[in-house]
Amino acid sequence: MRIIRTANYQEMSQAAANIITDKVRSAGKLTLGLATGSTPQGVYEQLISNHDRNGTSYRNVQTVNLDEYINLAIDDPNSYHSFMKKNLFDLLDIPAENTAIPNGMADDLDRECERYEELIRSKGGIDLQLLGIGGNGHIGFNEPGTLFSSRTHIVSLAESTRQANSRFFPSLEDVPKSAITMGIATILDSKEILLLASGEAKAEAISRLISGDCDESFPASALKLHENVTIIADEEALKYI
Ligand code: F6R
C-alpha cells in the first residue's frame, strides 16, 4: 500500500481530486466507485471546482456508489442518493443514467444485491474506487466480521456506525438499522483503490490498517490483498505512523 501524507484535510482532498481528474481527462471511458460521508466531501468540491474552471467533463464517466440505507426514501435528505446529487452529480455534466447507487427501497432486496453486482460488471468493473474508513475499520458498510469473499449484500449496521452517522439525522432513532453495501470482494475487484482518512478520530484505524494483521475482524485490512491501493491521509490520521 502506498501512503501519501498530507498536512491537512484540504491537501488530502486536493491530492485525491488530482488523481481522479487526471484519470477523467485521460481515459476514454472510466468507471468510478464513489463513497459518501464527511471524508470525500472536500474531494467532490475540488472536482466541481476543476470542472467549472477547466471544463473537465464527466459525460463519459460511469459511477457506482458503495452503499445506501435500507428503507430510507430515495429523496430523503439523508439518503445517499440525495447526498450524491447535492454534493456532486447535480454540479457536474454527468448524465443521470451514468450514475448508480443501490436501491434500499427495492421490494426484493436480495434481487437488488444481485442486480447491483451485474450492473457493476456491465459497466466493465470499477477502474478507481474511492473509500473512507470507519473507526471500526469498516469499508463501505462492511462491518467487522464480514467475509472477504462477500459480494453486494444486506448488512445490519454496527451500533458505533449508527452513532457516528447520527450526526446527520434528527436523532439516533432516525438512523436506519440496515443498509445495502458492495461486498469486500466487489471492492477488491476494482483496478485501483484510494482510501482517504482525515483527523484524529481515524488515527487508530489507520494504524491498524497499516501495521495490523489481515483478517476479517478488521474489514479494511482486506486491502492488503490488493496490489494497487493508495492511502491518502493527513497528519492527524497518521499520528501513530
Ligand atoms: C460511505 C461509506 C463509509 C464511510 C465511513 C467513513 O459511503 O462507505 O464506509 O466512508 O463510514 O465516514 P466519514 O467519512 O463520514 O467519516
Side-chain angles (χ1 to χ4, degrees), residues 6 8-10 12-13 16-17 32-46 63-70 72 74 76 78-89 99-104 113 116 120 126 128-146 150 152-169 175-188 190 193-206 208-209 218-223 229-234 236-238:
T6 66
N8 51 40
Y9 179 79
Q10 174 73 16
M12 176 203 76
S13 304
L32 291 176
L34 299 176
T36 56
S38 304
T39 310
Q41 271 182 307
V43 180
Y44 296 157
E45 280 165 22
Q46 297 293 341
T63 67
V64 285
N65 264 73
L66 283 167
D67 41 23
E68 178 58 286
Y69 292 114
I70 286 177
L72 196 62
I74 279 172
D76 186 288
N78 284 309
S79 77
Y80 287 168
H81 280 78
S82 297
F83 177 99
M84 291 307 300
K85 268 173 75 63
K86 176 168 161 240
N87 291 294
L88 193 66
F89 298 152
T99 67
I101 303 178
N103 179 8
C113 294
Y116 205 66
I120 294 170
I126 298 167
L128 179 66
Q129 176 67 54
L130 196 60
L131 295 177
I133 184 169
N136 63 0
H138 72 222
I139 49 174
F141 271 141
N142 294 289
E143 300 287 18
T146 306
S150 56
T152 300
H153 63 291
I154 298 163
V155 291
S156 294
L157 297 176
E159 222 26 56
S160 61
T161 302
R162 292 187 63 244
Q163 256 152 28
N165 290 3
S166 67
R167 67 192 191 280
F168 299 112
F169 289 82
V175 185
K177 294 196 164 66
S178 55
I180 298 189
T181 183
M182 267 188 215
I184 294 184
T186 320
I187 293 171
L188 291 181
S190 311
I193 297 174
L194 288 185
L195 180 135
L196 310 183
S198 169
E200 218 179 326
K202 301 295 168 72
E204 278 184 23
I206 290 296
R208 188 164 168 194
L209 168 59
F218 194 73
S221 67
L223 300 177
V229 176
T230 304
I231 298 172
I232 310 180
D234 63 15
E236 288 186 352
L238 287 167

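Every number for a ligand or one of its atoms is a count from 1 in the order of the listing.
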Seminar exercise, completed: Honestly, for Leu66 the part within reach of ligand 1 (heavy atoms, under 4.0 Å) is side chain
Exercise. Without hydrogens or angle criteria, can the side chains of Ser13 and Glu45 be said to hold a donor-acceptor pair below 3.5 Å?
Worked result: no
Problem set entry | Glu200 (side chain) donor-acceptor with Glu236 (main chain) under 3.5 angstrom | no
For this session: Would you check if the side chain of Ser150 reaches a backbone N or O of Ile184 as a donor-acceptor pair within less than 3.5 Å?
Result: yes
Exercise. Does Gln41 CD have over 12 foreign heavy atoms under 6.0 Å away?
Worked result: yes
Problem set entry | ligand 1 versus Asp67: contacting region, heavy-atom distance under 4.0 Å | side chain
Exercise. Can a donor-acceptor pair be found between the side chains of Asn78 and Tyr69 at a distance below 3.5 Å?
Worked result: no
Exercise. At a 4.0 Å threshold, what atoms of ligand 1 neighbour a non-hydrogen atom of Gly140?
Worked result: 2 (C), 3 (C), 8 (O), 9 (O)
Exercise. Is the closest side-chain heavy-atom distance between Gln129 and Leu66 below 4.5 Å?
Worked result: yes
Exercise. Among protein heavy atoms, which sits nearest to atom 14 (O) of ligand 1, and what does the distance come to when rounded to 0.1 Å?
Worked result: Thr39 OG1, 2.4 Å
Problem set entry | Shortest protein heavy-atom distance from atom 1 (C) of ligand 1, along with the residue and atom involved | Thr36 OG1, 3.2 Å
Exercise. Heavy-atom distance under 4.5 Å between the side chains of Met84 and Thr99, does that happen here?
Worked result: no
Exercise. Atom 5 (C) of ligand 1: which protein heavy atom is closest, and how many Å away?
Worked result: His138 NE2, 3.3 Å
Exercise. Do Leu223 and Leu131 pass the side chain to side chain contact (heavy atoms under 4.5 Å, CB included) test, and can you show the C-alpha distance, the side-chain angles, and the key distance before you say yes or no?
Worked result: CA-CA 11 Å; Leu223 300 177; Leu131 295 177; 4.0 Å; yes
Problem set entry | Taking atom 10 (O) of ligand 1 as the reference point, the nearest protein heavy atom with its distance | Gly132 CA, 3.3 Å
For this session: Determine, using heavy atoms of Arg167 and all atoms of ligand 1, whether some pair is separated by less than 4.0 Å.
Result: yes
Seminar exercise, completed: The answer for which part of Asn65 has a heavy atom under 4.0 Å from ligand 1 is neither
Exercise. Identify the closest protein heavy atom to atom 6 (C) of ligand 1: which residue and atom is it, and at what distance?
Worked result: Ile133 O, 3.5 Å
Problem set entry | Numbering as shown, the atoms of ligand 1 that approach Lys202 to under 4.0 Å (heavy-atom distance) | 6 (C), 13 (P), 16 (O)
